[in-house]
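Down below is the structure, laid out as structure tokens.
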Amino acid sequence: MTAPQALLDQDGVRLTVDDAVATVTLTNPAKRNAQSPALWRALTEAGRLLPGSVRVVVLRGEGKSFSAGLDRQAFTPEGFDGEPSFLDLARGTDADLDAEISRYQEAFTWWRRNDIVSIAAVQGHAIGAGFQLALACDLRVCAEDAQFAMRETSLGLVPDLAGTRPLVALVGYARALEICATGRFVHAEEAERTGLANLVVPAAELDAAVADLTAALLAAPRDAVVETKALLRDAAGRTYDDQRAAERAAQGRRLRDLAGLGE
């Protein structure tokens with residue numbers, strides 16, 4: 001058995017690839033995997049570096065916490081070395097501010113690409129940007145000690161890292177509003193009950209549960225999973241009849257491919 005190939009290890013992010021499975025690991029447990037613009041750039045780069053053979057991407061954090069959110073250094077007047085501070089961003093033009101936040105968001109958007117299925121393995125705290133990073137993935141497997149919280153509003157901010165749409169899709173508008181506006185903790189039991197978590201297991205079983213789910217996802221033919229993911233991901237934005245049409249078109253492609261008549 002060959003060792004997983006390391007494709008990236010910088011700014012608190014490590015990417016390794018083992019055939020069809022990639023693992024993205026947050027590697028700053030001393031700071032509970034706090035996030036920064038440099039980490040977001042590394043996460044974006046991880047998405048760009050994925051080989052075409054990868055079908056499943058697992059996201060995990062080293063240590064006791066998945067990610068405690070944005071590094072508090074961001075809220076100091078000087079911010080991060082070599083980065084615009086929040087005050088600098090506020091003083092910029094609307095276009096510059098929009099462009100900078102858009103660059104941050106890129107770290108959170110590639111996880112839902114149709115050609116991969118992404119799994120967040122969550123233990124301990126997933127707060128703010130950490131919560132949104134877990135929401136960026138297609139699926140979430142959580143340890144029993146997992147705690148989610150969206151603390152942006154308590155800081156006078158909003159969740160802006162692409163987490164609001166998946167949160168509403170998973171738990172509904174009213175619960176999403178309550179979670180975000182209060183900043184309260186959502187513990188693992190509630191996360192599983194409300195659909196935020198696909199599975200909750202004892203912390204000692206988290207790696208094994210993720211491995212089992214990964215194996216199950218790899219069991220079906222890749223193209224069938226890709227087509228199914230595309231159907232489900234876009235279903236909410238289609239009418240019933242449009243979704244039926246999309247199903248017919250996707251099935252037509254699958255039948256022709258299975259019959260050896262595909263492109």
Side-chain angles (χ1 to χ4, degrees), residues 4-8 10-11 13-26 35 39-61 66-67 101-122 126 129-141 159-170 195-199 210-211 213-238 242-243 246-247 249-251 253-254 257 262-263:
Q5 182 183 9
L7 299 185
L8 179 73
Q10 65 182 49
D11 296 319
V13 175
R14 182 170 61 245
L15 167 65
T16 58
V17 175
D18 186 1
D19 193 19
V21 181
T23 302
V24 178
T25 306
L26 306 182
Q35 299 181 34
L39 180 141
W40 295 334
R41 286 193 295 272
L43 285 174
T44 301
E45 183 65 11
R48 294 178 181 144
L49 290 173
L50 286 182
S53 60
V54 169
R55 294 182 56 187
V56 176
V57 181
V58 177
L59 171 63
R60 61 177 71 249
F66 176 74
S67 175
I101 296 174
S102 179
R103 281 190 286 270
Y104 298 161
Q105 290 175 331
E106 290 178 9
F108 295 77
T109 54
W110 63 264
W111 305 88
R112 290 179 179 262
R113 284 168 24 187
N114 287 340
D115 61 319
I116 59 173
V117 178
S118 53
I119 306 169
V122 182
F131 192 177
Q132 293 185 79
L133 193 53
L135 287 167
C137 292
D138 296 307
L139 310 173
R140 280 149 298 282
V141 178
D160 66 337
L161 298 172
T164 54
R165 180 174 180 179
L167 182 61
V168 171
L170 288 166
L196 182 59
N198 294 84
L199 180 66
V210 171
L213 177 56
T214 298
L217 291 168
L218 293 175
R222 178 173 193 159
D223 288 345
V225 176
V226 170
E227 289 275 19
T228 300
K229 179 176 177 178
L231 279 173
L232 296 174
R233 195 182 76 163
D234 297 334
R238 296 192 184 108
D242 286 343
Q243 183 68 6
E247 290 172 357
Q251 195 71 305
R253 289 189 293 271
R254 297 305 312 128
D257 184 62
E263 294 180 359

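Not measured: the values here are computed from a predicted model.
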How many angstroms lie between [atom1] in [X] and [atom2] in [Y], if you round to the nearest 0.5 Å?
X	Y	atom1	atom2	result
Leu49	Gln5	CG	CD	10.0 Å
Leu15	Arg48	CG	CZ	13.5 Å
Arg14	Thr25	CZ	OG1	5.0 Å
Asn198	Leu213	CG	CG	7.5 Å
Glu45	Leu7	CD	CG	10.0 Å
Tyr104	Gln132	OH	CD	14.0 Å

Salt bridge present between [X] and [Y] (N-O < 4.0 angstrom):
X	Y	value
Arg103	Glu106	no
Asp11	Arg41	no
Glu227	Arg253	yes

### Query
How about Arg165: does its CZ atom have over 12 heavy atoms from other parts shown lying under 6.0 Å from it?
no
Indicate the atoms forming the closest heavy-atom contact of [X] with [Y], along with that distance.
X	Y	value
Leu167	Phe131	CD1-CZ, 4.0 Å
Trp110	Val57	CH2-CG1, 4.2 Å
Ser118	Ala136	OG-O, 4.4 Å
Gln35	Ser67	NE2-OG, 3.0 Å
Ala46	Val24	CB-CG2, 4.4 Å

Would you check if [X] and [Y] make a side-chain contact, meaning some heavy-atom pair closer than 4.5 Å?
X	Y	answer
Leu170	Leu135	yes
Val17	Val54	yes
Trp111	Leu133	yes
Leu217	Leu139	yes

Residue of the set [options] for which side chain to side chain contact (heavy atoms under 4.5 Å, CB included) holds with [X]:
X	options	result
Ile119	Leu59, Thr214, Thr23	Thr214
Arg222	Leu218, Val226, Val225	Val226
Asp138	Arg233, Arg113, Lys229	Lys229

### Message
For Trp40 and Phe108, take the angle between the two ring planes, folded into 0 to 90°, and tell me which bin it lands in: parallel under 30, tilted 30 to 60, perpendicular over 60.
### Response
perpendicular
### Task
Mark yes or no for whether Gln243, through its side chain, and Leu231, through its backbone, hold a donor-acceptor pair below 3.5 Å.
yes
### Query
Are the side chain of Arg112 and the backbone of Cys137 linked by a donor-acceptor contact shorter than 3.5 Å?
yes
#### Entry: Counterpart residues, side chain to side chain contact (heavy atoms under 4.5 Å, CB included), relative to Ala121 (two or more places apart)
Arg60, Leu206, Val210
### Test salt bridge (Lys or Arg N to Asp or Glu O under 4.0 Å) applied to Arg55 - qualifying residues, sequence neighbours left out
none
